[in-house]
A.B. asks: 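One structure follows; several queries about it will come next.
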Amino acid sequence: MTLYSTDITQNIHHLQSQIPPHVNVVAVSKFQSVEKIRMAYEAGHKDFGENYVQELLSKQPLLPQDIQWHFIGHLQTNKVKYIAPFIHLIHSVDSMKLLHEINKQAEKHHRVIHCLLQIHIASESTKFGLTFDEALQILNHNELPHFQNITIYGLMGMATYTNDTEQIRKEFLSLKNFFDELFAHISLPNVKMHILSMGMSNDYQIAIQCGSNMIRIGTMIFGERKKN
Ligand SMILES: *Cc1c(COP(=O)(O)O)cnc(C)c1O
């Protein structure tokens with residue numbers, strides 16, 4: 001187990017100094033206190049990621065309103081309405097039904113909500129996400145062009161939790177190849193293949209080498225999480 005510094009400001013500056021400037025960092029704050037999030041905010045960080053709707057709703061009103069909140073956990077259709085007023089980017093879209101609901105709720109709030117399709121690239125069966133074929137079905141769906149209150153901005157994926165760096169690399173590269181194919185071939189007004197969200201504390205360096213431009217970092221910024 002790696003030991004991380006307890007100095008959040010130092011952790012953020014250290015991380016930023018290690019990565020190229022085109023890579024955006026989402027600070028994953030699940031199970032972390034409002035005080036710790038505020039410390040990261042005061043260090044200049046504006047992008048935070050949460051996995052659970054209830055937890056996000058309890059923290060969001062207590063924190064600065066210019067924070068850009070990312071939703072990175074499994075999202076149930078019946079909870080979209082709670083985050084629709086303010087969510088900045090939903091990384092975890094994994095069905096047409098969910099996309100339909102996000103579009104509907106975004107319309108109520110006169111917003112366009114930015115989304116990523118979550119792709120299942122890990123060998124573990126427990127991780128959520130679409131197969132490449134399922135993602136193509138969504139992107140080719142004849143209703144998608146009518147969703148005027150969402151924009152699909154790219155893809156998200158999680159590699160297998162393993163020490164086998166070659167396996168992790170293979171999984172990330174498969175997602176990068178798919179991303180490049182979509183970038184080259186999909187031409188729809190509400191699809192812009194700009195963001196490739198992959199890489200966490202244990203594998204972000206490999207992810208960046210494989211073409212990630214958005215990494216989701218929890219432990220390396222905030223320290224170990226209290227398990228719920
Ligand atoms: C928890 C989580 C992270 C951050 O994990 P760390 O290993 O703490 O960096 C990133 N992405 C998703 C989807 C997560 O659930």
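Just follow the structure's listing: the first ligand is 1, and inside any ligand the first atom is 1.
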A.B. asks: Ring centroids only, cut at 6.0 angstrom: are F179 and F172 within range, meaning strictly under it?
C.D. replies: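 Not under 6.0 Å, so no.
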A.B. asks: Which residues satisfy the ring-ring contact (aromatic ring centres under 6.0 Å, His included) test with H91, sequence neighbours excluded?
C.D. replies: H70
A.B. asks: Does the distance from a Lys or Arg side-chain N to an Asp or Glu carboxylate O, for E35 and R38, drop under 4.0 Å?
C.D. replies: no
A.B. asks: Test the K30-Y52 pair against the cation-pi criterion, namely NZ or CZ under 6.0 angstrom from the six-membered ring centroid and within 45° of the ring axis.
C.D. replies: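 Pair K30/Y52 does not count as cation-pi.
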A.B. asks: Enumerate, atom names and distances included, each donor-acceptor pair closer than 3.5 Å involving a side-chain atom of residues 12-19, sequence neighbours excluded.
C.D. replies:
from, atom 1, to, atom 2, distance (Å)
H14, NE2, Q18, NE2, 3.2
S17, OG, H14, O, 2.6
Q18, OE1, Y204, OH, 2.4

A.B. asks: At less than 4.0 angstrom from any atom of ligand 1, which residues have a non-hydrogen atom? List them by chain and residue number.
C.D. replies: V28, K30, N51, I72, M158, M200, S201, R216, I217, G218, T219, R225
A.B. asks: Excluding sequence neighbours, so at least two apart, what forms ring-ring contact (aromatic ring centres under 6.0 Å, His included) with H74?
C.D. replies: F128
